[in-house]
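Comments concern the structure below.
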Amino acid sequence: MPTNQLTAGVCSLLNEPQHTEDLLNSTPIVQILSVKKVHSNPNAPNPVDRYRIIVSDGEHFLQSMLATQLNHFVDEGKIQKNTICRLDKFTCNMVQEKRLLIVLEISVLEQCEEKIGSPAGLQIPPGDAAVTPSTANQTPAAHHTAAATGGATASTSNTTTPAARGQGARSGRGPTTFPIEGLSPYQNNWTIRARVTNKSDIRTWSNQRGEGKLFNVTFMDETGEIRGTAFNLAVDALYDKLEEGKVYYVSKAKVNLAKKQFSNVANEYELGLEKNTEIEECRDSSSFPVVRYNFIDLAKLQEMAKDSICDVIAVVKETGDATEFTSKFGRTSTKRELTVVDRSGYSVRLTLWAKNAEKFTNTDSPVVALKGVKVGDFGGRNLSMSSSSTLEINPDIPECHALRGWFDASGNSENFQSHTNSFSGAGGAATFNRSELMSIEEVKAKDLGTSDKTDFFSTRATVMHLKADNIAYPACPTQGCNKKVFDQHDGWRCEKCDRSFEKPEYRYIISMAVSDHTGQAWFQGFNELGETLFQRPANDLVAIRERDEAKFNKLVEDVNGHQFNFTCRAKQDTYNETTRVRYGVQKILPLDYAEEARHLIELLSSPWAQ
DNA sequence: CCCCCCCC
């Protein structure tokens, strides 16, 4: 294999920052010497692995990263050790005192048997740190000018700030800004050029450690995304400067380790935005990448686990009203439910919150594109936006135009299948459905809950036996927490709330046998079920157990023989390597005999009874 | 320094 197949010398040129900019428009040919997977935090809700590669021009080699959108080249085996590639688009920066090449677009040319030449490592050129990153001694305003000059539109220069006009504009394709992917706490002087894909409302908090306000933004560039957070004074300084969808130069923010469990933004780090953080709009952003999607069909939601994150694009078939609600934490907010459909023939309910719920208007069944939307299992499957989800309405992307065409031509009049299971209608999941009452025999015969999905059913049954041991557990008294607490020397400790309480609040945990005229089953349930069965809070029952065991036993026995209407969920469960269907009680309704009698009269007067 | 993301 001849050495001259590769673009000799490109690695050493890329290693010297003064040459980098001239090379950015070239498409050098290199050999991949090694490919190594860099694992992201596996506990993150949306972990994204990356590939570190070493590229060689036959003379020297250079450390490099593949942008995540190129991962599939490695996953599909197209890029491996010794593959010859053309770098169609890349950036190159100092990262942790090393030159790091980030490959944004690549073409695979051929697979080679062995290493070409004897490439050597490169030294960091002297004085490199002083000139890189290239943005170190420039203000964002200076970038602004350079971008306008490098860009195509004359009008952008009219919007240049006075401060920027005096700066010497640079030739070529504009300044090299720092890639988001290269940001790390070891990096001091950097400027990113990034689009705001998400900006939260201003939120306030108040807890043991204090109180304040904050907001979050998500920044995205060609190499990746990063979440930014501003607190208190920084909120006042920066909130109005940032607008969703616009592109900004951002510098002088702090790079912190991200607590990945709290966000699905794919970055190990987060930006701490401070009041002196510099944010300048980049008005020439026409060529800047917009949100990158990885759409899945609505039909595919069936296979997605509850709480997983995905991107979908669909047509809005129905739009619910914006409704106010109060959360269990006492906060008032707005939600709006949409029904969306796609070409897979499925419809699914999608919940928008707060701002998105308020401002959404259905003008002619728009297409909605969502990134990072959460899958729920209510009534089969549903989608819900979360703080880091993004919503675009009628985005100018091919998938949107294709959907529009399909819907207007035929989709409009199609019938759609919902993920809601066939045994209960939408919303039937937690509502007692008298017209669809099933006997226990039917529940078992229809194998409810034996597939991967959850089934819901309503039944009327009589309590036959209650397991008296473990009837309640000590729970955290914090409203809405319900976590089990542990008796420690300083009180009852809640891991979740990170504090101790003098006394726990007991909550029921019920396992009981029920039966009707067709058969018997075990139902499981929690506090609401127990309170209905015992007509007293679990604290009281536990107190009775400690004081007078005979009375406790009597109370447990007294529950037997009572008949109730139940709404249950049937779900497959694996415990100790045994798989079985468990029936969870979602609702227990004491019989209202007047209502039951009215229903019987209705049945008797129906044509079927004559 | 937040980290709630609700409901039916």
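In what follows, chains are A, B, ... by sequence order, proteins preceding strands, each numbered from 1. Only a predicted model underlies this, so the values are computations on that prediction, with no experimental measurement involved.
- The side chain of A/Phe325 sits closest to B/dC6 out of B/dC6, B/dC2, B/dC8.
- As a whole-Å value, the separation of A/Leu273 CG from B/dC2 P is 16 Å.
- Using a 4.0 Å cut-off, no side-chain N or O of A/Lys355 falls inside it from OP1 or OP2 of B/dC5.
- The CD atom of A/Glu270 sits 9 Å away from the P atom of B/dC1 (whole-angstrom rounding).
- B/dC5 atom P lies 13 Å from atom CD1 of A/Ile309, rounded to whole Å.
- Comparing B/dC2, B/dC8, B/dC6 against the side chain of A/Phe231 picks out B/dC2 as the nearest.
- Among the atoms of the strands shown, none is found under 4.0 Å from any heavy atom of A/Glu324.
- With sequence neighbours left out, the side chain to side chain contact (heavy atoms under 4.5 Å, CB included) criterion links A/Thr319 to A/Val316, A/Arg336, A/Leu338, A/Phe360, A/Asn362.
- Using a 30° and 60° split on the angle between ring planes, A/Tyr506 and A/Trp492 fall in the perpendicular class, above 60°.
- The interatomic distance linking A/Leu214 (CG) with B/dC5 (C1') rounds to 13 Å, in whole Å.
- Of all nucleotides listed (B/dC3, B/dC2, B/dC8), B/dC8 comes nearest to the side chain of A/Arg349.
- Side-chain N/O atoms of A/Lys374 include one lying less than 4.0 angstrom from OP1 or OP2 on B/dC6.
- Atom C1' of nucleotide B/dC3 and atom CZ of A/Arg209 are separated by 11 Å, given to the nearest angstrom.
- The distance from atom CG of A/Leu352 to atom P of B/dC5 is 18 Å, rounded to the nearest whole Å.
- Electrostatic pairing of A/Asp236 and A/Lys275 does not count as a salt bridge here, judged by no charged N lying under 4.0 Å from a carboxylate O.
- Which of B/dC1, B/dC2, B/dC6 sits closest to the side chain of A/Lys259 comes down to B/dC1.
- Contact annotation: A/Trp205 side-chain N/O to B/dC2 OP1/OP2 distance is under 4.0 Å.
- Within the 4.0 angstrom heavy-atom criterion, base atoms lie near A/Arg227.
- In this structure, the side chains of A/Cys310 and A/Val312 come closer than 4.5 Å at one or more pairs of heavy atoms.
- Checked against side chain to side chain contact (heavy atoms under 4.5 Å, CB included), A/Glu244 has the following partners two or more places apart in sequence or in another chain: A/Val196, A/Asn198, A/Lys199, A/Lys355.
- Heavy atoms of A/Ser387 sit under 4.0 angstrom from at least one base atom.
- Distance A/Leu271 CG to B/dC2 C1': 16 Å, rounded to the nearest Å.
- Counting to the nearest Å, the P atom of B/dC6 and the CG atom of A/Leu383 are 13 Å from each other.
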